[in-house]
Each structure stands twice: as structure tokens, then as C-alpha cells.
Number of protein chains: 2
Amino acid sequence: MTDPGPGVALDTVLGKAVALLRAFRVEDTVLPLAELVRRTGLPKGTAHRVAGDLVEHRLLDKTPHGYRLSGGLFELGMRAATERTLLELAMPFLQDLYERTHETVHLGVQEGSEVVYVAKIGGHRQARSPSRTGGRMPMHCTAIGKVLLAHAVHEVRDDVLGGELERRTPHTVVAPGLLRRQLSRVLETGIAHEREESTVGLLCIAAPVLDPDGRTALAAISVTGPVGRFRPDAHETALRAAATALASTLARRRGGALRTG
Amino acid sequence: MTDPGPGVALDTVLGKAVALLRAFRVEDTVLPLAELVRRTGLPKGTAHRVAGDLVEHRLLDKTPHGYRLSGGLFELGMRAATERTLLELAMPFLQDLYERTHETVHLGVQEGSEVVYVAKIGGHRQARSPSRTGGRMPMHCTAIGKVLLAHAVHEVRDDVLGGELERRTPHTVVAPGLLRRQLSRVLETGIAHEREESTVGLLCIAAPVLDPDGRTALAAISVTGPVGRFRPDAHETALRAAATALASTLARRRGGALRTG
DNA sequence: GACAGCGTACCGGTGAGTGGAACGCCGGCA
DNA sequence: TGCCGGCGTTCCACTCACCGGTACGCTGTC
């Protein structure tokens, strides 16, 4: 069901088109036709034609070296109501937080059993982190993920805790019991920690942006920095302030739908 | 040619799908099926089915009140190489600029004969501006637009200057001659001004992010603030610094393609 | 100079997609 | 209460858009 598998129904035109678009990973810039064929499994001729159609519709750009996701797609993506509303309302708070900490600040939401980063802001001295705006990360090894997981519905929590907890670094928590205990503490303290669990050399703390009901988390905010200079405790207050302030702003502007429910 | 018209070839499945997605304007959050039918001109049954397919492919969300652009589209859009690379490399400079000015900061690129905003960052006190990340604005009445227009190829410049210069406010420059003179000054000074030309009550200055060749502008950065407290001259230095610093960063990391050329 | 990998183009068969029509549901209005 | 317009949904037989195997020309590389 939730398993997207490698290919999503290639028997329909739309499926092929989406497969071509999704063939692009976050780190890709330009993919030649042959690579698209390899990744999607589409027949060469078909891929060629559909890609051409996508170019006409401004979803792909054609370059001498292959295809590239087009700016039209960027525009379209920025119209996604949930993410854009969240982003616009959150930006001032993220700015404040960045100014106070001068460390990388993230805003993330839960999507399925993973985290999607809606915003990432940082300066020149930012720690080298693998996260990207619009990118995904597992929940069990990131501070934002733990916060969201702690507040998630039982179904998702059990799903993640029951599934494989991928070891990303020597410090990744892969024991379900330990992780469950950490999640309990997150609910008590309102703060989640990550200590080199997704990337060696990186520390992170996160706080939830709670729904007015106080149980479900609409999003989470985090501050990340490198081992050595980064003192998590020093930023807790600012982080909490940002998260709760954003929460009450969201509660006020409850006009736009921020969740499917 | 560059006129997309209202509908883009509804005779193909892909065309219909794209039409449905593009039916969403920046300010829309949820659109009922009937509204989609109205905007696209598709037969009701068809719209229903295609929208359903789009939901399956995670490009649309279905809510009790209608359809909404899905988070999957946000993720996809953020993979658009040009915009994302630019955004990631620019963010630290935009942060610096914001910290120094505490006014709204924009990053924009030229797309056709319009401006597309790739980033917009601001704090709580930000001026109420109509711009949105991922949104479009005309070139003739915005500071970023004027900068890009001044450096654009003759074709585009003549196209814009020859076309209708929409009057957005009483201050909008709608005389081609005057505008052309302003553009010349932009080339001389390296700074473009906007004085309530797109929105009453708003001032803005912008500077180009130049290609190493020094002629074409890859993007533009601007600082915006409200009439009254906003002193354009006070921010010129910081703005120039940000723009040139970003330019040399881009020149260095010339790996990824930032233009079709 | 043979070859492998790529992008491109062609084209007849066919089944996925089409869209008109009809249904049931609601909420507004008289 | 009963009518009516607008909406979302479902159905189905026709047909034309799409499919993908095949073939071509181009480029680098052994």
C-alpha cells in the first residue's frame, strides 16, 4: 500500500510522466535520456516521446546533456497550499531563531513515515548536513523526526518502531526499546535531541509546533550545529519560543487547511 | 508562441493533467471539482477521472472541500536543479543581507518576460508585499524586474518595452521611453529602484547577480520596505555586497548548470 | 575500422482514455 | 414541503492517442 516500489504503474501515460519526473533524485541536476530509461524501465522510444511532451508542458527542460526538472515545476510546487502557508507563516520565526543562534534552522513536517524539510536556513558557517529543502530523512535518526514521531498517531509510531531502523552512523539508535524511551522523554520535555545519529559530527535539537489541541504536531523546528562549538542547551529557550510562537500564529490563522486530518 | 493562452492542448492526457495542476493560482488552497472544470474547460467526467489519477500519483490531495496541490508536488518542485542550486548557494548571503537591513529580501530570476521569485525572507515587521516565493511579477514595475530587464537580451527587452506596460499603481512607469532611460541608468549604477510602482506604500532596490562575463544577469537580489521608515540609500552597500559575493560564489561552483544558455 | 551507446524518427495495431448521459445528494428558495 | 440548480460520482461503447518494436545516424572509444 504505502510501498511505492520502484515504479508506479507504468501502464498509463500519467504514470510514465510521473515516473520520469520522480526519476530525478535530490542530488541530480541533469539526466540523459538513457539514464531515465534505466531508472524508469520505460522503453527508449516511449521515454523519448513522453519526455518531449513534458518539455512542451514546461515540466522538463531539455539541455545538450539531457533533461532537467524545469522552473515551471518549481513554481507549481510552491503553490502547494500546506507547505507554502506553513513556510510563509513560519519564516519570521525561523529568522528570529537563526539570528539568535546563528546555526542552521530547519522546519519539517511528517510525510508518511518520513520527515520532509519545508525550510532550511543557514549562514556561511553552517554545518555540512545532508538535509535539503524539499528533501526527506528517516524519522528515527533526526531530531525533527523524533519530535514528530513522538506526537504521531500510534499507527505510524508502531510502524516505524516495528520496521527496520536503518543504521546511518555508529550513533544511530537502532534499538526500538531505547528509541521508545527517548520518545517518551520527548513528550515530557518537549525537546528531542540528536547526537550524530544521522550524520557524524552533527548535533541537533528540535521542538514540536503543536496543534491547538496540544497533542498532534503540525510541524517541528530544529537547530543544528557541529560537534565542538554547538551547545544544545544554550539554544533550548530560543527554540521553544519559536515553536510555541509559531503554534499560536497557526492557531489564529486557522483559515487555510494545514492538514488533511 | 510565448503566449500560453488559457489552455495548453487539452487533447492529450498529459495536457489535461497539467491544465488541472496549473488551474491552481498562487492564492488558491482548495478548489472544488466544479471550479476546476470551469477553469480548465474540461468535461466534468474527464476532470473527475484525471484529478483522481493525479491524487493516486500524489500530485493532488483530495479533501472534503475539493482538491489541493499535494506535498509531493512541493518535493518535486524543490528538485528543480536551477532554482534549488541558486537558492542553496544564495541563502547565506540573503541571511546576511536580512540581518543587516531587517527588511524583506528577495531573490528573483527571469522567466520568459516575467520575474519569478526564488526566495523571499522577512521578519515580523515585513512590509505587506504581493510577492510570493514561486510567484510571478511583471518586469517593468519591480526593482528586480528592472535589473533583469536591463541585462536581458535585446529580444526580451524590446518585447517588454514594446508590449503593454500594465499600470499597477499611479506610480507605475508606463512610458517606454522613461523606462528605457531608467534601464540605462541601472546599467550604469548597478542598482534599480522601485518607488510604489507595483504596490502603493512600498519601496525597493535591487542589484544584479552577474555572470562571470559581466553582461548577463543570472538572478537579482532586492531589499524592500515601507514608505516612511525605508531609506533605500542606506542599504545600497549591503545589497551590492550580497549580490557580488553571490556572483563570485556562483562563478566558482560553475559545476551545476544554472542556465540553459 | 568495428563497435557500443546514445538520441532520434517512423508507423500500424489496439486498448486506454474519452466525454456524453444519467443518477443521487445536498442546500436554497418559495 | 416540494421544487430546483449545482455538485460529485458512475457508467459504457466508441475511437483515436498512445504504444513500443524497429531502424537510422551520430558520436566517442577500444
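Predicted, not measured: the structure shown is a model, and the values here were computed from it. Just so we're on the same page: letters track the sequence lines, and every chain starts at 1.
A sub-4.0 Å separation between OP1 or OP2 of C:dT8 and a side-chain N or O of A:H48 is present. At least one side-chain nitrogen or oxygen of A:K16 sits closer than 4.0 Å to the OP1 or OP2 atom of D:dG20. Taking side-chain N and O atoms only, A:T46 has no distance below 4.0 Å to OP1 or OP2 of D:dC18.
Protein atom CG of B:L20 is 14 Å distant from nucleotide atom C1' of C:dT18, rounded to whole Å. The distance between atom CG of A:L36 and atom P of C:dC6, rounded to the nearest whole Å, is 12 Å. Remark: P of D:dC18 and CD of A:E56 are 11 Å apart, rounded to the nearest angstrom. To the nearest angstrom, C1' of D:dC18 lies 15 Å from CG of B:D53. One interatomic measurement links the two molecules: CG of B:L42 to C1' of D:dT9, which rounds to 17 Å at whole-angstrom precision.
Under 3.5 Å, the side chain of B:K44 and the base of C:dG20 form no donor-acceptor pair of N or O atoms.
Among B:L59, B:L31, B:L33, the one residue that satisfies the side chain to side chain contact (heavy atoms under 4.5 Å, CB included) test with B:Y67 is B:L33.
Taking every heavy atom of both residues into account, A:R168 and A:M137 meet most closely at NH1-SD, 4.0 Å. Contact between A:P92 and B:Q126 at its shortest, heavy atoms only, is CG-NE2, 4.0 Å.
Using a 4.5 Å heavy-atom cutoff, the side chains of B:V118 and B:T82 are not in contact.
Minimum atom distance to the side chain of A:A34 is reached by C:dC6, of the listed D:dC7, C:dC6, D:dG20. Closest to the side chain of A:V13, out of D:dG21, C:dG17, C:dC6, is C:dG17.
Taking the nucleotide of DNA chain C with the nearest heavy atom to each of A:R49 and A:E35, the more 5' of the two is matched to A:E35. Comparing A:L33 and A:L14 against DNA chain C, the residue whose closest nucleotide sits nearer the 5' end is A:L33.
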